[in-house]
Amino acid sequence: MVKRSQYSLILILLLIAATAWWWPNDEKEILQQLKTLTELSSKQTQEQGVEALTKAAQIGALFTDPCQVEIEAYSHNGSYSRKDIIDRIIFIRNRPHPFSVSLDDTTITLEAADGIATVIATLQVRGLEGDEMVADVQEIALVMNKQEGEWLIGAATVVEVLRR
Amino acid sequence: MGRRLLLVALCSFIVFRFLLIPVHVRGKSMEPTISDGTLRFCWRLQYLFTPPKRFDIITLRLAGKRVMLLKRIIGLPGETISIKNGVLYINDIETPEPFASLPSTWNLTARTIAPESYYVIGDNRNVPMDTHHFGQVAANRIIGGLLW
């Protein structure tokens, strides 16, 4: 009898842990958005016009309108509309060579009550330049805002680690 | 036997995960001192009690937990550094760098290093300056020193 109740207790605890693990939360939603961003951003093959436009629009939809973009290395700090972002994405995707985009080592700080989250991550872009595979790695900081139930990128900063 | 193996595994994990970090070198910015493709180790406790010194080779965190840079410190907080025709000047005094043995014609105008920052650069200056990543870095990005 005692053993059965112990097993029941363990089972209940496991069920609670599993529920907590699988239950959707803001952090998981943010990670899913970032995963969507990297999947859409990567380009494996030459894209047709409509496909490129569709992907650019889908990527643009992950940003607020407008969005702040800061590139510290070039002292660039500007506000971009969603259309600006889509246009720039189309320009970048015009490159003939495939490239992959990934975000690693992601840390998320939530101020859920305000619907704001800060994300620090490692952005890695790998692609062919001529015959050589090259990679660029940057630390980026994102400020995400929850709008109508969706986490969107409100500000993006490319962190400058070495300042000349 | 099993317990000893477990202990060795645990100690190895702690040492190589938190204290002595293996670093696979990719790039030629520190040649000829450190060659591309070699394996080195970063000692995380190097600066536990003493601050970094000039000409130390340090490991600094570029992005996340895994992407690091190996560079040499040439300037300390508050100093003014410049490079004229490949020669380093610290506070307007010519400073020899025996390890930067490859020829260089770099020119870098004078700049003052911010407090709690260090100026780092690679040893290989026989490349166009624009292609070399160097500059001042915040002290909190320094992970450790190069053990070997």
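Numbers restart at 1 for each chain; the letters A, B, ... are given by sequence-line order, proteins then strands.
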Minimum heavy-atom separation for A63(B) and V137(A), please, with both atom names.
CB-CG1, 4.1 Å

Flag if over 12 foreign heavy atoms under 6.0 Å of CD, E116(B):
no

Say whether I120(A) and L34(A) are linked into one hydrophobic cluster, either directly or through other cluster members, by side-chain heavy-atom distances under 4.5 angstrom.
no

Proximal component of R26(B), with respect to chain A [non-hydrogen, under 4.5 Å]:
side chain

If you count every heavy atom of other residues, nucleotides or ligands that lies below 6.0 Å from F91(A) atom CZ, does the total exceed 12?
no

Quick one: which residues of residues 153-164 of chain A reach chain B at under 4.5 angstrom, heavy atoms only?
V159(A), V161(A), L162(A), R163(A), R164(A)

Is any side-chain heavy atom of E139(A) closer than 4.5 Å to one of L62(B)?
no

Just jot down the side chain to side chain contact (heavy atoms under 4.5 Å, CB included) partners of A61(A), sequence neighbours excluded, or say none.
none

Bottom line for L69(B): the part with an atom under 4.5 Å from chain A's heavy atoms is side chain

Side-chain heavy atoms nearer than 4.5 Å, only ILVMFWY residues, links allowed to pass through others: does that put Y80(A) and L142(A) together?
yes

Mind checking whether L37(A) and L123(A) sit in one hydrophobic cluster, side chains of I, L, V, M, F, W, Y counted as touching below 4.5 Å?
yes

Look at atom NZ of K28(B) and say whether more than 12 heavy atoms of other residues, nucleotides or ligands are closer to it than 6.0 Å.
no

Step through the shown structure and confirm whether more than 12 heavy atoms of other residues, nucleotides or ligands are within 6.0 Å of NE2 on H133(B).
no

Nearest-0.5 Å distance that lies between atom OG1 in T122(A) and atom NZ in K65(B)
9.5 Å

Does CG in D92(B) sit with more than 12 non-hydrogen atoms of other residues, nucleotides or ligands closer than 6.0 Å?
no

With a 4.5 angstrom heavy-atom cut-off, could you sort out which part of V137(B) is near chain A: side chain, backbone, both or neither?
both

